[in-house]
Amino acid sequence: MSAVQVALLLSLVSLFSLPVNGDYKIGVGRYDITGPAAEIEMMGMANPSQIANGIHFRQYSRAFIVVNASNDTNRVVFVSIDACMGTQIMKNKVVEKLQSNKTFAGLYTDDNVCISGTHTHSGPAGYFQYLLYEITSRGFSQETLDAIVDGIVESIAEAHQNIVPGKLLYNTGVLLNASRNRSPTAYLLNPEADKALYQYDTDKDMVVIKFVDNNGTDLGMINWFAVHCTSMNNTNTYISGDNKGYASLLHEKDMDKDSLPGQSKFIAAYAQSNEGDVTPNLMPQHCPGHPEVPCDANSSKCKVDGKELFCIAFGPGVDMFDSTRIIGERQFDKGKELYDSAFKELSGPVQYLKVNRDFSNIELEFNGKKVHTCTPAMGDSFAAGTIDGPGAFSFKQNDTTGNKFWDLVGHLLHEPSKEEKECQAPKPILLDTGDINILYPWAPRIVPLQMFRIGQLVISAVPAEFTTMSGRYLKNAVKKIFNATGDSDIIPVIAGLSNTYSDYVTTYYEYQQQRYEGGSTIFGPYTLNAYVQEFSKLAVALATNNATGLDKGPPTPDYYSRQKSLILPVLTDKQPKGKKIGDVKVDVKESYAINDTVEVVFWAGNPRNDRKTNSTFLTVEIEDNDQWTVMYTDASLETRFKWEYDHSDTLCIMDEIFDGGCTSHVTIQWFIPPDTVPGTYRIQHFGAYKNDGVHQYQGVSGTFKVTKM
């Protein structure tokens with residue numbers, strides 16, 4: 001936005017009263033949002049075969065409330081969830097629950113609550129109201145939505161209960177070894193003058209906000225750093241918070257060393273930012289099975305014996321679990337360093353604004369001409385996937401011509417008009433999602449834009465995945481506006497994947513190459529420019545303490561009542577012959593050494609019968625004076641929990657019909673860490689089975705010794 005445009009916007013508003021006291025009341029809260037650990041597809045990779053059947057570690061909602069001490073009505077709630085993204089149906093239901101509670105009614109609303117996803121691709125799917133994002137998960141999942149919504153509300157309730165007078169300190173730093181650009185050739189298309197302002201082609205900046213009470217007690221932290229949560233790849237079937245969830249648990253354990261995961265008093269959110277083109281997979285892309293064959297930098301494909309293959313990237317670890325650990329540890333190490341050295345204090349108003357905008361036709365100017373955004377559409381490159389999670393068939397990135405066969409198939413759902421094709425160019429339209437309404441709308445047109453100000457901190461909550469340079473453009477525009485009104489020390493932050501999901505946002509220049517990110521920029525080549533224009537209006541209103549005349553926009557869409565699902569319920573759990581559910585199927589060995597893996601198998605019920613929210617499917621316990629003490633749970637980084645039928649899914653469906661159900665089992669693993677105390681241990685399993693109602697059960701392994709050698 002030019003200085004003239006800023007001045008014009010400033011002239012359109014008149015002052016009104018907003019708080020200017022810099023003293024705060026603050027509260028932090030956390031609650032389990034782990035969804036069904038069986039039979040529900042994962043959200044993020046769009047892989048129908050990636051079906052949850054266990055837990056790497058639990059997922060949480062972490063809520064942070066900031067209240068202006070001189071005016072309790074001015075408060076904001078930032079919620080970071082270990083989920084792929086915040087969604088509209090999720091936000092709607094959270095606000096409904098808050099408003100139905102007498103304590104929260106009027107305090108926490110659609111305007112001052114922000115829900116931002118960490119973007120883990122390892123959580124149960126089905127919590128959308130737009131069909132495109134539910135197709136590969138067999139539609140809507142009430143179980144998943146309930147787990148997330150209930151957990152968010154409980155985390156906000158806990159944060160509200162914990163509100164005390166306090167201070168917010170901040171720090172910034174650079175983390176170099178945890179991310180790289182997965183579409184560098186698209187980034188290079190940005191103007192030379194703009195690229196010259198930055199040393200790196202991804203945002204290496206980390207922003208930390210430290211929550212302490214007036215006695216100096218550490219309460220919590222929000223950390224923003226841009227990197228995809230795709231260390232766990234599209235073969236993973238364990239629920240996981242991925243690298244950011246890993247970092248959160250490490251930080252919470254470090255601050256409360258005697259606590260079990262999810263139970264620390266200190267709460268640390270490693271939140272998401274402008275990660276659109278940023279991967280944690282640091283090894284170069286390679287041709288699978290043929291590392292000697294080069295990968296094309298533009299299409300991310302390689303050719304072997306005349307056949308094109310998708311190139312992929314992994315690392316830096318030996319497998320996805322190790323990579324999650326490494327990238328999580330690197331974020332934690334830098335986050336802890338910045339947290340410990342944070343001394344600059346936030347001071348100033350607590351403000352918030354939220355509007356809705358129909359992004360299918362935002363008018364704006366670009367390079368001196370009038371342009372507009374487009375009706376949502378996905379390009380062919382969208383179906384090619386990324387080096388983090390490749391697509392299928394003959395699709396490829398950097399496709400500006402399209403595939404006649406697949407475009408014909410896609411256009412059977414809706415044929416895009418000539419105007420739509422011209423608007424989206426050079427993107428070839430594969431799916432005209434904005435005009436497909438089979439069952440219910442396939443993609444959003446109306447999206448929420450939200451901005452928080454807490455003293456010098458300005459949070460732009462974006463409902464999409466902004467690429468590195470897109471985020472930089474938006475942050476610069478916001479900062480410029482506040483600078484123009486005399487605020488020279490503003491800290492602009494992008495809170496990614498917030499409140500709803502509308503795919504990607506590239507710059508106009510990156511869009512021209514049509515890598516995956518460009519093919520997934522659904523509102524066309526001027527999407528970023530529209531976001532900058534509309535967020536600038538929010539920034540002007542906050543910078544001038546004046547929202548008079550700011551259009552709130554169209555009402556928030558709600559398609560909850562129209563949701564459809566093909567997900568079958570759990571019918572019954574069959575008791576094993578001669579045994580009962582909860583009995584040990586394969587017991588532990590008598591003795592293990594440090595760094596060994598303990599494994600035990602129990603006859604089990606389906607984990608969907610009881611998600612064990614804020615509880616656990618397992619415990620690892622040590623004996624001490626004839627008492628058993630819990631050392632680890634299924635939320636621990638040192639354990640894994642896996643559930644399986646004893647037959648194939650097809651055979652089990654037949655058993656359900658003809659033989660009263662199917663038997664299943666769980667495998668529990670404990671990876672004995674180097675600091676383990678030698679002694680006598682056991683593992684317990686907790687669950688529920690369904691047979692004429694739902695019944696709780698538990699099982700216990702034999703005891704075993706852990707020795708140093």
Going by atom types alone, do T468 and D277 pair a side-chain donor with an acceptor below 3.5 Å? yes
Heavy-atom donor-acceptor pair, T87 side chain to Y127 backbone, under 3.5 Å: yes
Contact check, side chains of L175 and K204, non-hydrogen atoms, under 4.5 Å: no
N53 (side chain) donor-acceptor with E644 (main chain) under 3.5 angstrom: no
When you measure from the centre of the six-membered ring of F359, is the NZ or CZ of R445 under 6.0 Å away and within 45° of the axis? no
Under the 3.5 angstrom rule, does the side chain of Q397 hit a backbone N or O of A297 as a donor-acceptor pair? no
Flag the pair I327 / P316 as yes when at least one side-chain heavy-atom distance between them is below 4.5 Å, and no otherwise. yes
Can you confirm whether the side chains of E517 and T506 place a donor and an acceptor under 3.5 Å from each other? no
Taking the side chain from K195 and the backbone from L188, do they hold a donor-acceptor pair closer than 3.5 Å? yes
Is it true that D399 and K396 make a salt bridge, defined as a side-chain N closer than 4.0 Å to a carboxylate O? no
Side chain to side chain donor-acceptor pair (under 3.5 Å) partner of S122, the single match among N236, D82, N233: N236
With V462 as partner, the option from L474, N499, V505, L497 fulfilling side chain to side chain contact (heavy atoms under 4.5 Å, CB included) is L474
Kindly write out the residues that satisfy side chain to side chain contact (heavy atoms under 4.5 Å, CB included) with P291, not counting sequence neighbours, or none if the list is empty. none
Basic-acidic side-chain contact under 4.0 Å: D205, R472: no
Any side-chain donor-acceptor pair under 3.5 Å between D358 and S360? yes
Any side-chain heavy-atom pair of M221 and V208 under 4.5 Å: yes
Decide whether N190 and E510 meet the rule of one side-chain donor and one side-chain acceptor closer than 3.5 Å. yes
Going through the checks in order, is the side chain to side chain contact (heavy atoms under 4.5 Å, CB included) test met by F140 and K564? CA-CA 6 Å; F140 174 70; K564 306 296 181 185; over 6 Å; no
Is the count of non-hydrogen atoms from other residues, nucleotides or ligands lying under 6.0 Å from K421 atom NZ greater than 12? yes
Measure from the side-chain N and O atoms of E39 to the backbone N and O of P607, and report whether any donor-acceptor pair falls under 3.5 Å. no
Side chain to side chain contact (heavy atoms under 4.5 Å, CB included) assessment of F395 paired with S381: CA-CA 7 Å; F395 294 105; S381 295; over 6 Å; no
Between F225 and K244, does the side chain to side chain contact (heavy atoms under 4.5 Å, CB included) criterion hold? Intermediate values first, please. CA-CA 9 Å; F225 178 74; K244 286 189 175 291; 4.0 Å; yes
Please determine if R62 forms a cation-pi arrangement with Y270, meaning its NZ or CZ atom is less than 6.0 Å from the six-membered ring centre and no more than 45° off the ring axis. no
For residues L145 and I89, determine if any side-chain heavy atom of one lies less than 4.5 Å from a side-chain heavy atom of the other. yes
Taking the six-membered ring of F310 as reference, does the NZ or CZ atom of K301 fall below 6.0 Å from its centre and within a 45° cone about the axis? yes
Y246 and F332: aromatic ring centres closer than 6.0 Å? no
Chi angles and distances behind the side-chain hydrogen bond (donor to acceptor under 3.5 Å, both in side chains) call for Q88, N92: CA-CA 6 Å; Q88 190 65 72; N92 291 349; 3.0 Å; yes
Does NZ in K91 sit with more than 12 non-hydrogen atoms of other residues, nucleotides or ligands closer than 6.0 Å? yes
Does T527 reach the main-chain N or O of G524 with its side chain, forming a donor-acceptor pair under 3.5 Å? yes
Under 6.0 Å from the CD atom of Q199, do we count more than 12 heavy atoms belonging to anything else shown? no
Pairs flagged by side chain to side chain donor-acceptor pair (under 3.5 Å) wherever residues 383-393 is involved - sequence neighbours left out: R182-D388, T230-D388, T279-D388, N281-D388
Do NZ/NE/NH1/NH2 and the carboxylate oxygens of E329 and K334 come within less than 4.0 Å? no
Would you check if the side chain of R180 reaches a backbone N or O of M283 as a donor-acceptor pair within less than 3.5 Å? yes
Polar contact flag, side-chain donor to acceptor under 3.5 angstrom, R515-S300: yes
Does D432 reach the main-chain N or O of D435 with its side chain, forming a donor-acceptor pair under 3.5 Å? no
Applying disulfide bond (SG atoms under 2.5 Å apart), name anything that partners C311, two or more places apart in sequence or on another chain. C295
Check the pair E465, H228 against side-chain hydrogen bond (donor to acceptor under 3.5 Å, both in side chains), reporting the backbone distance first and the verdict last. CA-CA 10 Å; E465 301 184 56; H228 256 82; 3.2 Å; yes
Are a donor atom and an acceptor atom from the side chains of T185 and Q513 found within less than 3.5 Å of each other? yes
In terms of side-chain heavy atoms, does N243 have a donor or acceptor partner in Q331 at a distance below 3.5 Å? yes
Distance-only, no hydrogens or angles: does the Q272 side chain make a donor-acceptor pair with backbone N or O of H119 under 3.5 Å? no
Quick check against the 3.5 Å criterion: does D194 have a side-chain atom that pairs as donor or acceptor with the backbone of P191? no
Does the ring-ring contact (aromatic ring centres under 6.0 Å, His included) test come out yes or no for W224 and F78, once each step is laid out? CA-CA 12 Å; W224 285 279; F78 181 80; 5.4 Å; yes
Taking the six-membered ring for Trp, is the centroid-to-centroid distance between Y516 and Y504 below 6.0 Å? yes
